[in-house]
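One structure below.
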There are 2 protein chains.
Amino acid sequence: MATHGTRGRSGGRPTLEEVAARAGVGRGTVSRVINGSPRVSDATRAAVEAAVAELGYVPNTAARALAANRTDAIALVVPEPETRFFAEPYFSDMLKGVGAELSDTEMQLLLIFAGSDRERQRLAQYLAAHRVDGVLLVSVHADDPLPDLLAQLEIPAVISGPRSAAETLTSVDSDNYGGARQAVEHMLSGGRTRIAHITGRLDVYGAQRRVDGYRDALRDAGHAADERLIEPGDFTEDGGCRAMTNLLARCPDLDAVFAGSDVMAAGARQALREAGRSIPGDVALVGYDDSAIARHMDPPLTSVRQPIEEMGRRMIDLLLAEIADRRPPASRGLERRQVVLATELVARASS
Amino acid sequence: MATHGTRGRSGGRPTLEEVAARAGVGRGTVSRVINGSPRVSDATRAAVEAAVAELGYVPNTAARALAANRTDAIALVVPEPETRFFAEPYFSDMLKGVGAELSDTEMQLLLIFAGSDRERQRLAQYLAAHRVDGVLLVSVHADDPLPDLLAQLEIPAVISGPRSAAETLTSVDSDNYGGARQAVEHMLSGGRTRIAHITGRLDVYGAQRRVDGYRDALRDAGHAADERLIEPGDFTEDGGCRAMTNLLARCPDLDAVFAGSDVMAAGARQALREAGRSIPGDVALVGYDDSAIARHMDPPLTSVRQPIEEMGRRMIDLLLAEIADRRPPASRGLERRQVVLATELVARASS
DNA sequence: AGGTACTGTGGGAGCGCTCCCACAGGTGAT
DNA sequence: ATCACCTGTGGGAGCGCTCCCACAGTACCT
């Protein structure tokens, strides 16, 4: 009789109803106070808050999620094996920005790795179950099916580097085009005229944009286009070394190199050294990313810094806005949002 | 009339009830199939599974959590700022083991940092709301209040290094005592007799156990105890350097040093070098952790390896068992579980 | 024949919340 | 005085599941 209908509750955390009884109000009113609705009188609000404090009431997330059809959680999906995640400062910076922006929110951040097929399978299940209100996607390759899955499931998502100029998802990116221009203009102003470029993998949109920036900066400075100064790389150190070797063979008169990443710049440095070219005496060298490698290279590498932490913050802003917009399913879609953040050239001894 | 009572469901994921209708069975039966109950006939199970596949049914986690009073999630709590998490390979190894062991489970892993006061506050709320079924605690200091909070909230938890010999939480640890013995015995067998020890912070239980192992190994080999050979360190490189300097001043005749961590060994190496002692010629040096530092030191450092990944796996095993045990709240408590895993000496040039 | 025991199944009740309708009481225009 | 329209409030219905009781059917004992 006493325990009628009281199934699993051993210790028994207080419920909304109990708080309501204690405060002498109705359930709806307590709910309104908890959720910060303005339509509550000051006196009532105070009474409810007192009851909440006395009882140590904490809302039941599952009940709320079920009733309101939301989870108050978002996922940061990293389509890489965990190893890379820990190896690259990119992710830790991103996480810092995301965490900071989220810290005055009720939202909970989930970190999900989707490196292996198996993990991707799990993630698909996870998303199908709508266990998060939104998704942050970082470091996505051009042919990744994940963005489309997200679109199909109608889950709000923000991507950290658009897959192409026609990206349909809301995206945040650094100004790859402008960053490349900065690098090239920096070398031009240093008196260099034969500036080569080692590109990143061209199926990565950002790498393409860097090539565009490189080309336009040279053209605007009145230099004739010379496609022989452009050599494709693949973001690896070996690739950078090979590319540099090819460039030296083809254009022995080059006096500067803009590498599409610091790692490739490290490879290029090795090739230059083996060819007996001094840095920056014979050849100026500029990288991209301003990673730890840049600071520790010999000589220290001039590099283009991306505001990764801020990118993380902006991604959260946009995602939260999109989640909020979702509720009234009225006027959606029309304006794609693409935020582009400025880069900064960090000049060091290599140029 | 058509949309009577159908509130938020726009697209409308299928529910248990719909699957039941499709399969021509009752709701309870579908639930039994989904949860792998054996009390279902093969024919019925097949019919239900077909309906699930056709409808693309995915259980609603929130509803399940509410009804069953569990979350199917566990938290890995890191009481450190994120920076340290990324800096130390300890965490990434741990995460790998944990992830592996969890991958054939329905359990979801949450990574929670509790470095700042603010984050700890949040965590307390989080735990009070019982948003996870269990907690994995790594790298906890002796005076941390977190374990007690967990106990008070009756949340199953496993800790990765007991706070003391009287640890009440289930714990997994590497054999600090045995590891220290291995290190000392290795140096003894190399003909060293005056072996010093730079300890870790002694408020860390594991560091104490290493001192115990060091003492006992020497005693068992018939060496008279000499407390002057023991110098306290604090796990930092500077501390290791200072400790080494003190040791050299006090016992110039020492011919070997067992440092309580690789980082301190690096500090000790510097002090030895400055004092003109060669490694391993004049003094043998052995560290603890077998971290990247050990491999890259000059000369490469002999060190004691802890099976961190396996520790992660075992922690999950124990935690899942504890969560399962929880359901029938019958015979609990009596046996504290403390798992200790063997260490391995990795011999390199420094000894 | 009657009993006991098990297997497989259906469906009611309830988990703790949010949403929303209903309604009381106040205010100001007509 | 009448009506319209606010603000603040109570509480019913329902979210999609799990748990468990009830019961039909079959099998095996007395």
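Chain naming here is simple, since letters A, B, ... match the order of the sequence lines and numbering starts at 1 in each. These numbers come from a predicted model, not from an experiment. Computed over heavy atoms, backbone and side chain alike; hydrogens, waters and symmetry mates excluded.
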Quick one: list whatever passes salt bridge (Lys or Arg N to Asp or Glu O under 4.0 Å) with Arg122(A), sequence neighbours left out. none

Return the nearest nucleotide to the side chain of Leu16(B); candidates are dT18(D), dC17(C), dG16(D). dT18(D)

Just compare dT18(C), dC15(C), dC17(C) and give me whichever is closest to any side-chain atom of Ala63(A). dC17(C)

Any Asn69(A) side-chain N or O less than 4.0 Å from OP1/OP2 of dT18(C): no

Would you say that more than 12 heavy atoms from the other residues, nucleotides or ligands in this model lie under 6.0 Å from the CG of Asp104(A), or not? yes

So, Glu82(A) versus Ser92(B): side-chain donor-acceptor pair below 3.5 Å or not? no

Which angle, rounded to 10°, do you find between the first-five-pair axis and the last-five-pair axis of the helix from dA1(C)-dT30(D) to dT30(C)-dA1(D)? 50°

Please report, rounded to the nearest Å, how far the P atom of dC15(C) is from the NE2 atom of His130(B). 17 Å

Can you measure Ile34(B) atom CD1 to dC17(D) atom C1' for me and round it to whole angstrom units? 11 Å

Kindly list each side-chain donor-acceptor pair under 3.5 angstrom involving residues 50-63 of chain B, sequence neighbours excluded, with atom names and distances?
unit_1	atom_1	unit_2	atom_2	d
Glu54(B)	OE1	Arg22(B)	NE	2.7
Glu54(B)	OE1	Arg22(B)	NH2	2.4
Asn60(B)	OD1	Ala62(B)	N	2.9
Asn60(B)	OD1	Ala63(B)	N	3.0

Residue pairs passing the side chain to side chain donor-acceptor pair (under 3.5 Å) test with at least one member in residues 28-38 of chain B, sequence neighbours excluded, are Ser31(B)-Asn35(B)

Contact list (N/O, under 3.5 angstrom) for nucleotides 8-12 of chain D vs protein:
unit_1	atom_1	unit_2	atom_2	d
dT9(D)	OP1	Ser41(A)	OG	3.0
dT9(D)	OP1	Thr44(A)	OG1	2.2
dT9(D)	OP2	Ser41(A)	N	2.9
dG10(D)	OP1	Gly26(A)	N	3.4
dG10(D)	OP2	Gly26(A)	N	2.7
dG10(D)	OP2	Thr29(A)	OG1	2.5
dG10(D)	N7	Arg32(A)	NH2	3.3
dG10(D)	O6	Arg32(A)	NH2	3.2
dG12(D)	N7	Arg27(A)	NH2	3.0
dG12(D)	O6	Arg27(A)	NH1	2.9

Gap between atoms CD and C1', on Glu106(A) and dC17(C) respectively (whole Å): 15 Å

Rounded interatomic separation in angstrom, taking CG from Leu55(A) and P from dG16(C): 14 Å

Could I get the full list of side-chain contact (heavy atoms from CB on, under 4.5 Å) partners for Glu310(B), not counting sequence neighbours? Pro307(B), Arg313(B), Arg314(B), Leu341(B)

Just the rounded figure in Å: distance from P of dC15(C) to CG of Leu66(A). 13 Å

Using side-chain contact (heavy atoms from CB on, under 4.5 Å) as the criterion, list what pairs up with Glu49(A), not counting sequence neighbours. Val33(A), Arg45(A)

Just jot down the ring pair (Phe, Tyr, Trp, His ring centres under 6.0 Å) partners of Phe91(B), sequence neighbours excluded, or say none. Phe85(B)

Using the test salt bridge (Lys or Arg N to Asp or Glu O under 4.0 Å), find all partners of Arg120(A) that sit at least two apart in sequence or belong to another chain. Asp144(A)

